[in-house]
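Heavy atoms only: backbone and side chains are in, while hydrogens, waters and symmetry mates are out.
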Amino acid sequence: MSRMNAIYYTEMETPIGVIGLAATNKGLCWISFDTGEGSIMSLKRWGKTWLLCEHVIKEETPLLKDAVKQFQEYFKGERNEFDLPLDMYGTSFQKMVWEQLLRIPYGQVRSYKDVALALGAGKAVRAVGGANNRNPLSIIVPCHRVCGSNGALVGYGGGLNIKEYLLNLEASVIEKRESKV
C-alpha cells in the first residue's frame, strides 16, 4: 500500500480524555473520542467508506504535530480557532452544514433551527442534526456549539459531559478576556 493512500493517526491526552487525530496527505480528516483499537477500527471503517483506504499508519506527521499543538492551545484557552488544512468527507449537504458550523463564533451557540435557517433550509432541522452527528472533525468543526431550540444541550458524539465542558471552557475564556477590558 502506498503511503499516498494512507491515513496517519496519533492520540493525545486532553482535559476531556484521550482523543484520536487522523490526517491524509491533504489535511486533518477525523477526530475520535474513542481511542486504542476501537478507534483504529472505526477509522478503518470510515476510511474504507470515504477514502477507499483502510491503511492506518500510527505516525505523528508534521500536520498531526501541529494539530496536537493547536489542541493543546485550545484547551489552555489560548486558541479560539484552528488553523489547519482540513480534508472533509461527507455528502454535499453535510459539508454545507459543517461549513456553516465553522461560522459560529467561539463561545457562542446556535440552535439546529438557526443553522437550518442560515442554510436557507428552515425545514431541514432534522437533517442538520443528522449532519452534526456525522461531523468527523468535532471541536474543530464546532458541532458542540449547536443546541436545542430551548437552549438544552442535546446530542454530542463525545457525550453531553464533553459538550458541556467545551462550552464552559469557551465561555470562561470569553469571560476572562472581557474582565480584563
Can you run down the salt bridge (charged side-chain N to carboxylate O under 4.0 Å, His left out) pairs that involve residues 69-91, sequence neighbours left out, and say none if there aren't any?
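Every pair satisfying salt bridge (charged side-chain N to carboxylate O under 4.0 Å, His left out) with a residue in residues 69-91: Lys69-Glu73, Glu73-Arg79.
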May I have all residue pairs that pass side chain to side chain donor-acceptor pair (under 3.5 Å) and include part of residues 113-122, sequence neighbours excluded?
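The answer is Ser111-Asp114.
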Geometric class of the Phe71/Phe82 ring pair [parallel <30°, tilted 30-60°, perpendicular >60°]
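The rings of Phe82 and Phe71 sit tilted, inter-plane angle from 30° to 60°.
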Using 30° and 60° as the class boundaries, would you call the ring planes of Tyr74 and Tyr106 parallel, tilted or perpendicular?
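Aromatic pair Tyr74/Tyr106 classed perpendicular.
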Working to the nearest 0.5 angstrom, can you tell me the gap between [X] [atom1] and [Y] [atom2]?
| X | Y | atom1 | atom2 | answer |
| --- | --- | --- | --- | --- |
| Trp50 | Thr24 | CH2 | OG1 | 14.5 Å |
| Glu170 | Asn80 | CD | CG | 8.0 Å |
| Ile140 | Leu101 | CD1 | CG | 13.0 Å |
| Ile139 | Thr14 | CD1 | OG1 | 6.5 Å |
| Ile31 | Leu43 | CD1 | CG | 12.0 Å |
| Lys44 | Leu51 | NZ | CG | 14.0 Å |

Heavy atoms, side chains only, cut-off 4.5 Å: are [X] and [Y] in contact?
| X | Y | answer |
| --- | --- | --- |
| Lys58 | Ile40 | yes |
| Tyr9 | Ser39 | yes |
| Met88 | Gln94 | no |

Might you point out which heavy atoms bring [X] and [Y] nearest each other, and give the distance in Å?
| X | Y | result |
| --- | --- | --- |
| Pro105 | Arg110 | CD-NH2, 3.6 Å |
| Lys95 | Gly90 | CE-O, 3.4 Å |
| Cys143 | Ser138 | SG-OG, 3.7 Å |
| Gly47 | Ile7 | CA-CD1, 3.8 Å |
| Leu137 | Cys29 | CD2-C, 3.5 Å |
| Gly148 | Tyr112 | N-CE1, 4.2 Å |

Any donor-acceptor pair under 3.5 Å from Lys163 side chain to Val146 backbone
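Indeed, once roles are kept as given, a pair shorter than 3.5 Å links the two residues.
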State whether the side chain of Trp98 and the backbone N or O of Ala131 hold a donor-acceptor pair below 3.5 Å, judged by distance alone.
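Checking the backbone N and O of Ala131 against the side chain of Trp98, a donor-acceptor pair under 3.5 Å is found.
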Stepwise side chain to side chain contact (heavy atoms under 4.5 Å, CB included) test for Leu64 and Leu28
CA-CA 8 Å; Leu64 288 174; Leu28 198 67; 3.7 Å; yes
Hey, can you pull the donor-acceptor pairs under 3.5 Å for the side chains in residues 117-126, sequence neighbours left out?
none

If hydrophobic clusters are built from ILVMFWY residues whose side chains come within less than 4.5 Å, do Leu102 and Ile104 share one?
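Yes, same cluster.
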Going hydrophobic residue to hydrophobic residue with side-chain gaps under 4.5 angstrom, can you get from Ile57 over to Val68?
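In one cluster: yes.
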Begin with the C-alpha distance, continue with both residues' side-chain angles, and end with the deciding distance and a verdict on side chain to side chain contact (heavy atoms under 4.5 Å, CB included) for Leu21 and Tyr8.
CA-CA 8 Å; Leu21 305 172; Tyr8 300 93; over 6 Å; no
Gln108 atom CD, neighbour heavy-atom count above 12 within 6.0 Å:
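Counting other residues, nucleotides and ligands, CD of Gln108 exceeds 12 neighbours.
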His144 vs Leu167, side chain to side chain contact (heavy atoms under 4.5 Å, CB included): CA-CA, chis, key distance, verdict:
CA-CA 7 Å; His144 62 278; Leu167 291 173; 4.0 Å; yes
Derivation and outcome, side chain to side chain contact (heavy atoms under 4.5 Å, CB included), residues Asn132 and Val115:
CA-CA 10 Å; Asn132 236 31; Val115 175; over 6 Å; no
